[in-house]
Amino acid sequence: MNTKYLDLLAQKYNSEEKVVTEIINLEAILNLPKGTEHFVSDLHGEYKAFQHVLRNGSGKVKEKISDLFAKELSEEEITEFATLVYYPEEKLQLIKNNFNNTQELNEWYTEMIERMIKLISYASSKYTRSKLRKALPEQFVYIIEELLYKTDEFTNKKEYYTKIVQEIISLGQADKLIIGLAYTTQRLVVDHLHVVGDIYDRGPEPDKIMETLINYHSVDIQWGNHDVLWLGAFAGSKVCLANIIRICARYNNLGIIEDAYGINLRPLLNLAEKYYADNPAFRPKKQPEEKLSDYEEWQITKIHQAITMIQFKLESPIIKRRPYFNMSDRLLLDKVDYDKNEVTIHGERYPIENPCFATVNPERPEELLEEEAEVIDRLLFSVQHSEKLARHMKFLMKKGSLYLKYNSNLLIHGCIPLDEDGNMESMEVDGKSYKGRELFDVFERHLRHAFAHPEETDDLATDMVWYLWTGESSSLFGKRAMTTFERYFIKDKKTHKEQKNPYYYLREQEDICRKILEEFDMDPDQGHIINGHTPVKEIEGENPIKANGKMIVIDGGFSKAYQPTTGIAGYTLLYNSYGMQLVAHKHFNSKEEILQNGMDVLSVKRLVDKELERKKVRETNVGEELLQQVSILNDLLEYRYLK
Ligand SMILES: O=P(O)(O)OC[C@H]1O[C@](O)(COP(=O)(O)O)[C@@H](O)[C@@H]1O
Ligand SMILES: [Mn+2]
């Protein structure tokens with residue numbers, strides 16, 4: 001061990017006792033049961049549903065309450081108490097309205113505080129006191145610790161505790177304390193959160209999800225194809241930018257661009273008003289509760305067309321300057337007969353429905369009008385200067401990666417590109433061929449480079465970010481080609497089909513999953529692949545657990561727009577010291593419904609894997625780090641303090 005480093009460390013641990021204490025502390029932590037990991041994916045802007053899953057810890061909160069209180073509380077009381085833990089502010093308000101006098105209310109407060117303290121004591125039993133302290137509401141740490149660590153045998157203290165609780169109530173602090181305790185419980189129930197991609201697009205509030213994640217105690221993110229699209233836009237890719245605005249227009253979410261991120265859409269609207277009219281193919285998709293005036297709907301329809309055409313035009317030069325992207329089939333603007341409104345795809349001619357080619361010059365279809373070029377430049381400037389978006393994108397970079405190896409599991413959003421025989425599929429980038437893990441690393445390097453150079457808009461790194469969104473060998477897209485053009489303009493549904501990478505049927509096989517785990521230097525006996533991206537079609541009998549449990553698909557099914565195809569809202573995964581549990585969620589309607597009726601949206605749990613012995617921190621990623629620290633501290637002890 002480098003002695004310079006040890007000298008530096010000795011400044012922090014400047015006595016033998018300090019080193020010894022820290023070693024003992026770390027050893028103690030290593031022997032605690034591993035914390036609970038919570039996996040969610042495909043949130044797609046559905047902040048409220050995500051909040052609910054986070055607040056109830058995919059059912060863990062209620063489970064702990066039932067464990068503790070099943071004997072003394074009825075099912076109804078348990079649900080009511082669970083709701084108080086999920087939404088303390090709102091539930092307090094509702095409950096308080098039911099009381100007729102202060103005495104009744106105070107009795108209720110006393111009981112709830114006692115229950116909450118019991119619950120916290122139980123939920124924190126596998127953590128150190130120091131960790132629990134960090135999770136407690138700051139202004140009440142001292143008081144809660146007094147209440148938590150009371151020992152019932154010393155009954156002479158009982159009065160003292162009763163007094164503390166009474167004081168809290170009479171000082172008007174009971175609500176605050178209950179709210180603080182509720183959030184502490186939520187935090188204790190889940191130790192670490194994994195978001196397996198697709199925070200953005202289709203739903204209305206991705207920005208709020210980002211704020212939640214920024215404030216969350218422990219989280220990592222595996223980027224999804226939609227997240228990468230946003231990162232690309234921020235990193236200077238105009239075509240990614242056109243895509244995010246197109247998707248926001250398509251799902252009636254332009255508020256995200258304008259109101260949440262403060263990006264001015266006026267120039268785009270002016271262009272749209274000038275060149276486009278109503279067009280059924282471009283009307284926004286709405287949820288039943290969303291209302292738009294005819295005027296608003298026309299405006300969005302026009303913006304939708306304007307930005308879609310800009311997107312198609314921007315794709316062409318990239319496809320042409322990167323032949324190894326192998327996307328020349330996608331140069332569809334070149335294949336349109338603008339007089340007849342027909343397009344030739346794979347040798348077949350199709351009529352174009354609902355055309356909107358007013359800005360296209362048939363001689364040079366990819367050429368942007370000066371106005372279009374100006375609009376996209378102004379949009380890019382605005383995007384790159386949005387303070388809030390910058391904060392969100394930087395967080396996404398800091399906590400995110402294309403894949404993650406965590407506690408012997410491999411977490412990826414999309415796929416590992418495979419050929420039909422189950423071999424890693426290779427892709428050529430700038431004259432060199434890559435496959436498997438190496439390909440992931442190349443993709444990630446380019447993404448990070450593009451992000452570090454937002455002033456570059458046409459370099460390889462920036463083009464590669466777009467490739468990740470839509471390229472045939474992208475680990476995030478996982479399909480051969482994106483048929484956006486066909487879905488807007490051609491009636492014949494066979495042209496809409498997007499062929500999936502063989503990975504999506506091969507992943508049913510255990511040996512393929514084992515091979516993938518080995519490719520990532522992981523133990524195939526221990527590990528699992530945890531995958532998002534594709535909704536599990538429960539309706540059609542699809543099982544989210546595949547390949548003898550080696551593959552777990554956990555699309556959370558949060559996206560309302562996609563729920564009719566899945567039959568269930570989706571899945572989340574929990575992994576604690578006893579093993580893994582898959583949780584199936586039903587549709588989340590509203591917080592109000594849960595507050596009123598206590599309806600919880602969880603159902604079945606399937607045991608994915610049961611540990612024969614309870615897993616300890618020692619056997620986890622965190623444990624590995626702690627073990628290294630212990631070893632360094634032992635070196636320090638020997639070098640500095642032991643004669
Ligand atoms: O349903 P929409 O809005 O038409 O989007 C469809 C597009 O979304 C994609 O499915 C990608 O999004 P997902 O990652 O959510 O699957 C594309 O393959 C497809 O072209
Ligand atoms: Mn996806």
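All ligand and atom numbering here is 1-based and tracks the order in the structure.
His194 and Gln222 share no donor-acceptor pair across their side chains, judged by distance under 3.5 Å alone.
In terms of modelled atom types and a separation under 3.5 Å, the side chain of Arg283 and the main chain of Arg250 share no donor-acceptor contact.
Taking a 6.0 Å sphere around NZ of Lys435, one finds it holds 12 or fewer heavy atoms contributed by other residues, nucleotides or ligands.
Listed by chain and residue number, His449, Glu456, Ala461, Thr462 satisfy the side chain to side chain contact (heavy atoms under 4.5 Å, CB included) test with Asp459 (two or more places apart in sequence, or in another chain). Evaluation of the ring-ring contact (aromatic ring centres under 6.0 Å, His included) rule for Tyr261 yields Trp230, His392 as partners, not counting sequence neighbours.
Paired with His226 under the rule ring-ring contact (aromatic ring centres under 6.0 Å, His included), one option of Trp469, Tyr200, Tyr251 passes, and it is Trp469.
With respect to the salt-bridge test (charged N to carboxylate O, under 4.0 angstrom), the residues Lys537 and Glu542 do not qualify. Salt bridge annotation for Glu46-Arg202: absent, with no cationic side-chain nitrogen under 4.0 angstrom from a carboxylate oxygen. Ion pairing of Glu348 with Lys494 is present here, as a side-chain N (NZ or NE/NH1/NH2) and a carboxylate O approach within less than 4.0 Å.
For the Mn ion (ligand 2), protein N, O or S atoms under 2.8 Å: 4 in total.
Ligand 1 lies under 4.0 Å from heavy atoms of His44, Asp198, Arg202, Asn225, His226, Arg250, Tyr251, Phe477, Lys479, Met482, Arg487, Glu498, His533, Tyr562.
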